[in-house]
Amino acid sequence: DRQSRGFQSNVRRHENNRSDLFGLTVNANGETGSGDWIAGFEFYHDDVSSHRYEEDINSGDVQVVTPRFPNGSTVGQAAIFGNYLHRFEGRQSLSGGLRFSAINTELPAAGAMPATSVEQKDFSADLGWVYTLTDATRFVANLGYGFRAPNVFDLGTLGERPGNRFNVPNPDLDSEHITQFDVGIRHQSERLDIDAMAFVLHYTDRIASVFTGGVTSDGRDITQSRNISSADIVGVEIGGRMILRPDISAEFVFNYLRGEEKDATGATVPGDRIPPFNGRISLLWQATDAFMVESFLVFASGQDRLSPRDVNDSRINPAGTPGWVTANIRTSWDVSDTWRVAASVENVLDERYRVHGSGLDAVGRNVFVSVRARW
């Protein structure tokens with residue numbers, strides 16, 4: 001639910017939105033002489049209710065208006081899937097999976113939009129290979145294909161959006177599709193665990209917000225979601241843990257992404273909402289079996305590679321998001337087999353910063369104390 005009011009407007013808007021999801025999943029698995037398998041099916045049913053009214057804050061008059069989502073919308077999903085892992089003699093294993101999904105979305109009439117029924121059917125698949133280089137090190141590679149069917153938000157949203165936009169529904173959307181490939185090394189030894197992965201994502205039929213050329217009475221640009229763009233994202237993820245001595249260990253995680261998007265005109269621009277280089281570095285001291293102290297840094301570099309949508313997004317500085325670093329510390333003490341006491345201080349230096357794409361500055365200095373009982 002939400003309440004909103006335009007700047008200097010006399011109208012306050014009240015919304016009540018709710019989604020109830022019911023699901024059933026059935027799995028079976030087993031082993032063969034040289035591998036194992038899993039298969040199953042699942043059903044989901046989602047009910048959406050949405051109501052909206054406007055209140056004149058001067059006169060108190062109330063007027064019911066078209067809801068953000070068509071009230072009474074439903075989404076039904078059914079899928080059947082299977083996956084098999086085969087271990088070859090020697091150092092290799094190969095896995096493959098296939099999934100067939102069917103999605104039916106029903107949108108009742110809302111305002112000027114007539115009742116609509118949208119059906120989507122498609123396959124997802126994956127193929128994975130693992131080669132054992134040594135007892136501690138494995139080479140892994142994966143190839144996958146999938147899709148995302150448009151949901152009620154994509155198909156039927158009516159109302160204000162960030163960046164001075166006003167979205168109108170589009171019941172004629174198709175699914176987005178993605179092909180993914182990743183390759184990397186996984187090493188696990190007594191003193192060092194490390195995962196290093198590089199990946200590529202290729203999106204087609206991507207749903208994006210398009211300006212229709214119209215403007216609302218209060219000056220918002222009218223937009224609509226359409227399957228108009230494609231995008232490519234490449235990235236690297238590295239994470240690991242090192243034992244420096246029996247009571248001290250270090251952990252690290254680094255992530256880097258770079259995205260390019262091609263719009264309906266064929267122009268190439270930076271991908272939208274791409275996070276900057278970011279990560280976490282920590283040092284953990286296990287003083288005793290019961291007492292632990294961890295200090296850690298969380299950081300992100302600046303991000304000034306912005307898409308046109310990012311530039312127009314009120315949550316993102318048009319000049320880009322500055323980089324930041326926070327210092328943090330946490331500790332825990334197992335008082336007994338039943339009781340644990342933990343405490344932490346986040347953002348010790350009270351750094352002011354914003355996660356890229358967020359509409360709010362992050363919290364300042366934060367202190368937590370907790371007591372947990374287990375039996």
**Prompt:** Is Val48 reachable from Phe153 through a run of I, L, V, M, F, W or Y residues, each pair having side-chain heavy atoms under 4.5 Å apart?
**Reply:** yes

Does Phe254 have its ring centroid less than 6.0 Å away from the ring centroid of Phe252? yes

- [ ] Mind telling me whether Tyr84 and His86 have parallel, tilted or perpendicular rings, with 30° and 60° as the class edges?
- [x] tilted

Side chain to side chain contact (heavy atoms under 4.5 Å, CB included) between Leu155 and Val118, worked out
CA-CA 9 Å; Leu155 296 164; Val118 180; 4.2 Å; yes

Strictly by modelled atom types, are Asn227 and Asp174 linked by a side-chain donor-acceptor pair under 3.5 Å? no

| task | Group every Ile, Leu, Val, Met, Phe, Trp and Tyr by side-chain heavy-atom contacts under 4.5 Å, then state whether Tyr131 and Phe88 land in the same group. | result | yes

Under 4.0 Å between a side-chain nitrogen and a carboxylate oxygen: does that hold for Glu294 and Arg280?
yes

Arg340 and Asp334 have their tightest heavy-atom pair at NE-OD1, 2.6 Å

ask   = Checking Arg13 against Tyr53: charged group under 6.0 Å from the ring centre and within 45 degrees of the axis?
value = no

Handout entry: ILVMFWY network linking Trp333 to Trp339, side-chain heavy atoms under 4.5 angstrom
Key = yes

Do Ser189 and His187 have a side chain donor and acceptor closer than 3.5 Å? yes

Nearest heavy-atom approach of Arg138 to Thr132 is CG-OG1, 4.0 Å

Nearest heavy-atom approach of Ile57 to Ser9 is CD1-O, 4.1 Å

TODO: Decide side chain to side chain contact (heavy atoms under 4.5 Å, CB included) for Leu107 and Val152; before the verdict, give the C-alpha distance in whole Å, the side-chain angles of both, and the deciding distance to 0.1 Å.
DONE: CA-CA 8 Å; Leu107 303 176; Val152 172; 4.2 Å; yes

Exercise for the section: Step by step, work out the side chain to side chain donor-acceptor pair (under 3.5 Å) result for Asp122 and Gln120. Expected result: CA-CA 7 Å; Asp122 214 331; Gln120 305 281 342; over 6 Å; no

- Pair Phe299 and Phe277, ring centroids less than 6.0 Å apart: yes

To the nearest 0.5 Å, atom CG of Leu297 lies from atom CD1 of Ile329 at 11.5 Å

Here the pair of heavy atoms bringing Ala208 nearest to Ile228 is CB-CG1, 4.0 Å

- prompt: Should Phe199 and Val234 be marked as a side chain to side chain contact (heavy atoms under 4.5 Å, CB included) after you check the CA-CA gap, both sets of side-chain angles, and the distance that decides it?
  reply: CA-CA 6 Å; Phe199 60 89; Val234 297; over 6 Å; no

For the side chain of Asp310 and the backbone of Ser307, is there at least one donor-acceptor N/O pair under 3.5 Å apart? yes

Query raised in the report: Please walk me through it: do Thr137 and Ile185 pass side chain to side chain contact (heavy atoms under 4.5 Å, CB included)?
Result: CA-CA 7 Å; Thr137 306; Ile185 295 291; 3.7 Å; yes

Report task. Inspect the contact between Arg186 and Asp195 and indicate whether a charged nitrogen and a carboxylate oxygen are less than 4.0 angstrom apart. Result -> yes

When rounded to the nearest 0.5 Å, the distance separating CG of Asp126 from CZ of Arg99 is 11.0 Å

_Within a 6.0 Å radius of atom CG on Asp20, are there more than 12 heavy atoms belonging to other residues, nucleotides or ligands?_
yes

What verdict does the salt bridge (charged side-chain N to carboxylate O under 4.0 Å, His left out) test give for Glu261 and Arg309, after you've listed the backbone C-alpha separation in whole Å, the side-chain angles of each residue and the deciding distance to 0.1 Å? CA-CA 11 Å; Glu261 184 171 346; Arg309 176 181 172 182; over 6 Å; no

* Within a reach of under 6.0 Å around CG of Asp1, are more than 12 heavy atoms found that belong to other residues, nucleotides or ligands? -> yes

Should the pair Arg305-Glu260 be classified as a salt bridge under the 4.0 Å nitrogen-to-oxygen rule? yes

In terms of side-chain geometry, is the basic nitrogen of Arg18 or Asp47 positioned less than 4.0 Å from the acidic oxygen of its partner?
no

Here the gap from Asn317 atom CG to Leu306 atom CG, rounded to the nearest 0.5 Å, amounts to 8.5 Å

Quick check: does any side chain N or O of Ser50 sit under 3.5 Å from a backbone N or O of Phe69, one acting as donor and the other as acceptor? yes

query = Should the pair Asp154-Arg148 be classified as a salt bridge under the 4.0 Å nitrogen-to-oxygen rule?
reply = yes

Exercise for review: Decide if the gap between the ring center of Phe123 and the ring center of Phe100 is smaller than 6.0 angstrom.
Suggested key: yes

Quiz prompt | Flag, side chain of Asn71 to backbone of Pro67, donor-acceptor distance under 3.5 Å | solution = no

Next item on the list: Quick one: sort the Tyr145 and His177 rings into parallel, tilted or perpendicular, breaks at 30° and 60°.
Entry: parallel

Before you tell me yes or no, could you show the steps for Asn10 and Asp56 under side chain to side chain donor-acceptor pair (under 3.5 Å), namely the whole-Å CA-CA distance, both residues' side-chain angles and the distance that decides it to 0.1 Å?
CA-CA 6 Å; Asn10 296 326; Asp56 189 307; 5.8 Å; no

Result for side chain to side chain contact (heavy atoms under 4.5 Å, CB included) between Glu55 and one of His14, Gln3, Gln63 points to His14

ask   = In terms of hydrophobic clusters joined by side-chain contacts under 4.5 Å, are Phe368 and Leu349 together?
value = no

Between Arg245 and Asp247, the two heavy atoms sitting closest are NE-OD1, 2.6 Å

| request: Apply side chain to side chain donor-acceptor pair (under 3.5 Å) to Asp46 and Ser19, showing your working. | output: CA-CA 7 Å; Asp46 193 10; Ser19 173; 2.7 Å; yes

| For Pro169, does its backbone N or O pair with a side-chain atom of Gln224 as donor and acceptor, under 3.5 Å? | yes

Value for CD (Glu54) from CD (Glu15), rounded to nearest 0.5 Å, stands at 10.0 Å

* So does Asp337 have more than 12 non-hydrogen atoms from other groups sitting under 6.0 Å from CG? -> no

inquiry  = Ring centres under 6.0 Å, that's the criterion: do Phe291 and Trp285 meet it?
reply    = no

Residues Gln188 and Asp193: closest non-hydrogen pair is CA-OD1, 3.4 Å

| query | So, are Asp172 and Arg226 salt-bridged, with charged N and O less than 4.0 Å apart? | reply | no

Worksheet item: Are more than 12 heavy atoms from other residues, nucleotides or ligands located less than 6.0 Å from atom CZ of Arg5?
Response: yes

